[in-house]
Amino acid sequence: MSEPLVERMRGFGETIFAEMSALAVRTGAINLGQGFPDEDGPRAMLDAAVEAVRSGANQYPPGPGLPELREAVAAQRLGRYGLSYDPATEVFVTVGATEGVAASMLALAEPGDEVVVFEPYYDSYAATIALAGAVRRPVTLRPDGGRFTFDPDELRAAVTSRTRVILVNSPHNPSGTVFTRAELESIAAVCREHDLIAVTDEVYEYLTFDDAEHVPLASLDGMRERTVSVSSAGKTFSVTGWKTGWVTAPAPLIRAVQTVKQFLTYAVSAPYQRAAAYALGNEVPWVEELRKSLQAKRDRLVTGLEAAGFAAYRPQGTYFVQADIRPLGFTDGMELVRELPGRAGVVAIPTQVFYDHPEAGAHFLRFAFCKRDDVIDEAVERLARLR
Ligand SMILES: *Cc1c(COP(=O)(O)O)cnc(C)c1O
């Protein structure tokens, strides 16, 4: 049989995460590749999910999501950011942020339309843009003053008459950058000028460090009306396996995205929706403790990577550190990650896989620090063997 996979999805074979996690299992290496925490979320939230199953929340919930979760999301956007959304018409629930982003691309970009996206990008973006038949227009984030940022002129130059959507992830995976108000303002200016729709991935909205503050793009002048904001419970409450997310936007954008979403999955697992509603309303103090703990883990990993000879970038948010491998005498991250389990007993992700222009990220590795302290300590001790 000839290649059965549709042409637009070729080149999206096994993800680097599957390859690296298999390598970790095969070699017994410590896996700082994939970004999932090794400690559970708040106990009462876990109990709420169990209780939901026991008390009969086991049949199809409403397609747009349980009212209690939509109300909790609306209250969260209002309380935290001053953004007002009607839970009945401007909020709906998705199978994680991943489905929120995918349904947005499929609903909002025509085949041939261009989608501006910052690279390195989260791996699902390239695939869902391709699935929509749309065209990526990457704007490269580059190190500048200890963090990754973009050149506003490059952003403006990336927009053409075919551009329809800009996809903005902040706090940003994999760079760890939290866009400043000034950076977001330059994105907003481009959106207003070219009448673009912004889709924002805010899954790390609570996980920012030091004085970095998450500002939703929708809160800037003229942006609420054109922004689809996506978030989820996975990162906020350390339940990445729950795949329970949500989208907030003005009703016409919600209707568009929901039209697609209803035929992808129709609805989202009811017990987790109930538990996520409980968590949004009650577990924000727990999240603040998580944030502090992750900040300390970030510092632990950065210090260890520096001691091992990497040049590490201290992230402002997320689960990830970018480490430049050149001070250790390496130049190609892809080559190094395949040798890393053998040489040092650690698995990382080569940042170059998140680019249309891999040369821009060839010398970076992404390490996750959402791990127990003893795991981080053991990993950096092993990495010191690379010298
Ligand atoms: C983890 C992650 C997601 C996935 O979120 P789900 O709610 O599990 O679908 C989406 N975007 C970014 C940037 C992520 O890091």
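We count residues from 1, following the sequence as given. Counting starts at 1 for both ligands and their atoms, following the listed order.
Judged as a ring-ring contact (aromatic ring centres under 6.0 Å, His included), the pairs with a partner in residues 69-103 (not counting sequence neighbours) are, in order, Tyr81-His214.
Shown in contact with Asn169 at under 4.0 Å from a heavy atom are these atoms of ligand 1, numbered in order with element: 13 (C). Heavy-atom proximity to Gly96, at under 4.0 Å, picks out these atoms of ligand 1: 6 (P), 7 (O), 9 (O). In the vicinity of Lys243, heavy-atom distances shorter than 4.0 Å reach the ligand 1 atoms 6 (P), 8 (O), 9 (O).
Taking each of Val95, Asp201, Asp123, Val239 in turn, the one with a heavy atom nearest to atom 13 (C) of ligand 1 proves to be Asp201.
Atom 7 (O) of ligand 1 has its closest protein heavy atom at Ser232 OG, 2.7 Å. Among all protein heavy atoms, the one lying closest to atom 5 (O) of ligand 1 is Ala97 CB, 3.7 Å.
Panel note: side chain Ser21, backbone Ala18; no donor-acceptor pair is recorded below 3.5 Å. With hydrogens and angles ignored, the 3.5 Å screen pairs no side-chain donor or acceptor of Thr236 with any backbone N or O of Ala233.
When the options Phe320, Tyr313, Phe354 are evaluated for a ring pair (Phe, Tyr, Trp, His ring centres under 6.0 Å) with Phe148, the one that passes is Tyr313.
For ligand 1, one of its N or O atoms has an N or O atom of Thr98 under 3.5 Å away. Residue Asn173 has at least one N or O atom closer than 3.5 Å to an N or O atom of ligand 1.
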Residues 266-276 side chain polar contacts: donor-acceptor under 3.5 Å, at least two apart:
residue : atom : partner : partner atom : Å
Gln273  : OE1  : Leu66   : N            : 2.7
Gln273  : NE2  : Val268  : O            : 2.6
Arg274  : NH1  : Ser55   : OG           : 3.2

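With a 4.5 Å cut-off on side-chain heavy atoms, Phe209 and Leu294 count as touching.
For Lys235, every heavy-atom contact with ligand 1 shorter than 4.0 Å involves the side chain, none the backbone.
Counted within 6.0 Å of CG on Asp153, heavy atoms from surrounding residues, nucleotides or ligands total more than 12; the atom is thus considered enclosed.
In this structure, Tyr204 counts as a contact residue of ligand 1, since one of its heavy atoms falls inside 4.0 Å of the ligand.
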